[in-house]
Amino acid sequence: MEQKQKTREYLFDNYKVLLIVLVVIGHFIEPCYGQNPFLYELKWGIVAFHMPAFIFVSGYFSKKEPSVKKLVGSLIIPYFVYEVIYYLVYTLLLDKDTELYFTRPKFTLWYLLALFVWRLAAPVVKRMPYYLPVSLIGGLLIGLADIGNFLSIPRIVFFFPFFLAGTEFDSAWLEKYRNIRGYTGALTILGLFAVYLFSDRYHRGLPVKIFYGRYSYETLGMEAAEGIAVRIVCYGISFLLIYLFMLVLPSEKKSYSYLGERTMAIYIFHGIIYSCVKHESDILHSIRSYRGSVLLIICCMALVWVVSRKPFVRFTNRIAHLI
């Protein structure tokens, strides 16, 4: 009897393509967004959405209870391998003063550690009553603790609600809203959000790091009550944007959809390239014009294509299957 193949959900492949492009752009504009009005607002738009959405999608594909051995092989061992690679790049190529400490993830590698914890913890946490509101409260309270980057605990706790929400999401829920009316409404709200970013002054008085989940309220220069209120708004904005983009992105296979299967290679290697460019050149610090901003974004998109090629993908796949 012929086994029925599971239909691939290209909506989420296309979603992941958008998100990984935003991850790369978000990192490469980091050195210059503060002196560039266009990139400044773009940075706000990216951080309000890209990691929460990436984590939500990761949760969506983590509905089954995981095997601990598989998680260790696909996430923890790669985490240690990439930590060593980053250390060697930093010390041998960039002559950067750093140490090989595995309890404080380097650059993008916190996500591997976090994904391991989320996948391991989610089945247990979901047995609790009201686990999603409880996780949101945990995300608010972790901002009161100033524990730095140790094991990426603040980020793990802050972003956990997005992962849990993803595990509960059913793509069939979108059918009712994925029509002309829903598409137009979602685009209108997204457009209004963009207008808000480019016209509002209040958010410019806040640090963009409020969406990072890494920093305590005290580090961000906020009192506890203000920090909690701001973080509640951040959660609301991020969840809203996650769902809105689901209504406007294509659900059919596109010429670029295959990139959605290669996000790990892009995620790992763009970080190494970014570290080298930032450390060895001042070019990223000098981009101020609109023309330069557009050129940088085009270069980021080209980089996504380059590090999505098969040699990079094969490397990350092998590292993920060492055991």
Side-chain angles (χ1 to χ4, degrees), residues 9 11-12 15 19 47-68 70-71 75 110-147 149-178 182 186 189 193 209-220 222-247:
E9 296 185 81
L11 170 63
F12 290 97
Y15 209 157
L19 294 172
V47 298
F49 159 70
H50 74 322
M51 285 316 296
F54 228 127
I55 292 158
F56 180 94
V57 173
S58 295
Y60 179 77
F61 288 109
S62 302
K63 295 179 186 292
K64 292 182 180 178
E65 194 156 337
S67 156
V68 175
K70 189 175 179 180
L71 286 181
L75 293 170
W110 70 271
Y111 188 67
L112 297 180
L113 189 60
L115 201 53
F116 172 79
V117 174
W118 293 328
R119 285 182 173 167
L120 202 61
V124 178
V125 171
K126 288 173 69 174
R127 297 189 188 110
M128 297 168 49
Y130 308 108
Y131 64 87
L132 192 51
V134 169
S135 71
L136 286 166
I137 292 170
L140 298 176
L141 295 180
I142 195 66
L144 299 171
D146 192 7
I147 57 177
N149 195 37
F150 181 72
L151 291 175
S152 284
I153 291 172
R155 277 173 165 163
I156 290 173
V157 177
F158 172 75
F159 286 115
F160 196 26
F162 299 107
F163 185 86
L164 290 172
T167 64
E168 288 298 321
F169 186 75
D170 185 343
S171 58
W173 298 344
L174 293 172
E175 291 176 11
K176 183 180 177 182
Y177 304 100
R178 279 186 63 86
I189 297 172
F193 179 66
K209 293 177 180 179
I210 58 174
F211 283 100
Y212 286 15
R214 175 180 175 177
Y215 302 98
S216 68
Y217 303 138
E218 184 181 357
T219 302
L220 294 171
M222 299 179 184
E223 297 292 333
E226 181 190 9
I228 289 173
V230 168
R231 187 160 285 191
I232 289 172
V233 174
C234 289
Y235 273 134
I237 291 172
S238 296
F239 271 114
L240 177 63
L241 293 176
I242 286 170
Y243 296 119
L244 288 175
F245 273 97
M246 283 187 191
L247 299 179

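Residue numbers start at 1 and run along the sequence shown.
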A.B. asks: Determine, step by step, whether Lys63 and Tyr60 satisfy the side chain to side chain contact (heavy atoms under 4.5 Å, CB included) criterion, reporting the C-alpha distance in whole Å, the side-chain angles of both residues, the deciding distance to 0.1 Å, and the verdict.
C.D. replies: CA-CA 6 Å; Lys63 295 179 186 292; Tyr60 179 77; 3.8 Å; yes

A.B. asks: Answer with yes or no after comparing the ring centroid distance for Phe49 and Phe211 against a 6.0 Å cut-off, counting only values under it.
C.D. replies: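 No, the ring centres sit 6.0 Å or more apart.
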
A.B. asks: Does any N or O in the side chain of Trp118 come within less than 3.5 Å of the main-chain N or O of Gly59, such that one atom is a donor and the other an acceptor?
C.D. replies: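 It does not hold such a pair.
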
A.B. asks: What's the separation between atom OG in Ser58 and atom CZ in Phe12, rounded to the nearest 0.5 Å?
C.D. replies: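 Here the rounded value is 11.5 Å.
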
A.B. asks: Does Ser238 reach the main-chain N or O of Ala48 with its side chain, forming a donor-acceptor pair under 3.5 Å?
C.D. replies: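 Answer holds: yes.
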
A.B. asks: Just one of Phe169, Phe160, Phe163 clears the ring pair (Phe, Tyr, Trp, His ring centres under 6.0 Å) bar with Phe56, so which one?
C.D. replies: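 Of all the options given, the one that passes is Phe169.
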
A.B. asks: Looking only at side chains, do Tyr111 and Ser152 share a donor and an acceptor under 3.5 Å apart?
C.D. replies: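 No, because no side-chain N or O of Tyr111 sits under 3.5 Å from a partner of the opposite role on Ser152.
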
A.B. asks: Minimum heavy-atom separation for Leu140 and Tyr217, please, with both atom names.
C.D. replies: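 Heavy atoms of Leu140 and Tyr217 come nearest at O-OH, 2.5 Å.
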
A.B. asks: Taking Thr219's backbone N and O only, do any of them form a donor-acceptor pair with Ser216's side chain (distance below 3.5 Å, no angle check)?
C.D. replies: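 Here the side-chain-to-backbone pair exists.
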
A.B. asks: With distance as the sole test, does Arg119 use its side chain to make a donor-acceptor pair with the main-chain N or O of Val68 at under 3.5 Å?
C.D. replies: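 Such a contact is absent between Arg119 side chain and Val68 backbone.
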
A.B. asks: How far does CD1 of Ile55 sit from CG of Leu19, to the nearest 0.5 angstrom?
C.D. replies: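 So the gap between those two atoms works out to 10.5 Å.
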
A.B. asks: Just so I know, are the side chains of Lys70 and Leu75 near enough to count as touching, which here means a heavy-atom distance under 4.5 Å?
C.D. replies: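 Not in contact.
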
A.B. asks: Would you kindly say whether Tyr131 and Glu168 are connected by a side-chain donor-acceptor distance under 3.5 Å?
C.D. replies: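 Yes, a side-chain donor-acceptor pair sits under 3.5 Å.
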
A.B. asks: Identify the residue among Tyr212, Trp110, Tyr235 that makes a ring pair (Phe, Tyr, Trp, His ring centres under 6.0 Å) with Phe159.
C.D. replies: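 Looking at Tyr212, Trp110, Tyr235, the match for Phe159 under the ring pair (Phe, Tyr, Trp, His ring centres under 6.0 Å) is Trp110.
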
A.B. asks: Please report the shortest heavy-atom distance between Gly139 and Arg231, naming the atom on each side.
C.D. replies: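 So the minimum-distance heavy-atom pair works out to O-NH1, 2.8 Å.
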
A.B. asks: My understanding is that only residues two or more places apart in sequence, or in another chain, count here; which of them pass salt bridge (charged side-chain N to carboxylate O under 4.0 Å, His left out) with Glu226?
C.D. replies: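 Salt bridge (charged side-chain N to carboxylate O under 4.0 Å, His left out) list for Glu226, sorted by chain: empty.
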
A.B. asks: Are Tyr177 and Tyr243 close enough that their ring centers fall under 6.0 Å?
C.D. replies: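 Distance test on ring centres: not under 6.0 Å, no.
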
A.B. asks: Could you give the distance from CG (Leu220) to NZ (Lys209), rounded to the nearest 0.5 Å?
C.D. replies: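 Between Leu220 CG and Lys209 NZ, I get 8.0 Å after rounding to 0.5 Å.
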
A.B. asks: How close do Pro154 and Arg214 get, heavy atom to heavy atom, and via which atoms?
C.D. replies: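 What the structure gives for the nearest pair is CB-O, 3.7 Å.
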
A.B. asks: So Phe162 and Val57, side chain to side chain contact (heavy atoms under 4.5 Å, CB included) or not? Walk me through it.
C.D. replies: CA-CA 9 Å; Phe162 299 107; Val57 173; over 6 Å; no

A.B. asks: In the structure I gave you, are the side-chain heavy atoms of Ser135 and Val125 within less than 4.5 Å of one another anywhere?
C.D. replies: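 Contact flag for Ser135/Val125 side chains = no.
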
A.B. asks: Indicate the atoms forming the closest heavy-atom contact of Ala224 with Leu144, along with that distance.
C.D. replies: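 Looking at all heavy atoms of both residues, the closest pair is CB-CD2, 3.5 Å.
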
A.B. asks: Report the distance from atom CZ of Phe158 to atom CG of Leu141, rounding to the nearest 0.5 Å.
C.D. replies: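 That separation rounds to 13.0 Å.
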
A.B. asks: Check step by step if side chain to side chain contact (heavy atoms under 4.5 Å, CB included) holds for Asp146 and Tyr215.
C.D. replies: CA-CA 7 Å; Asp146 192 7; Tyr215 302 98; over 6 Å; no

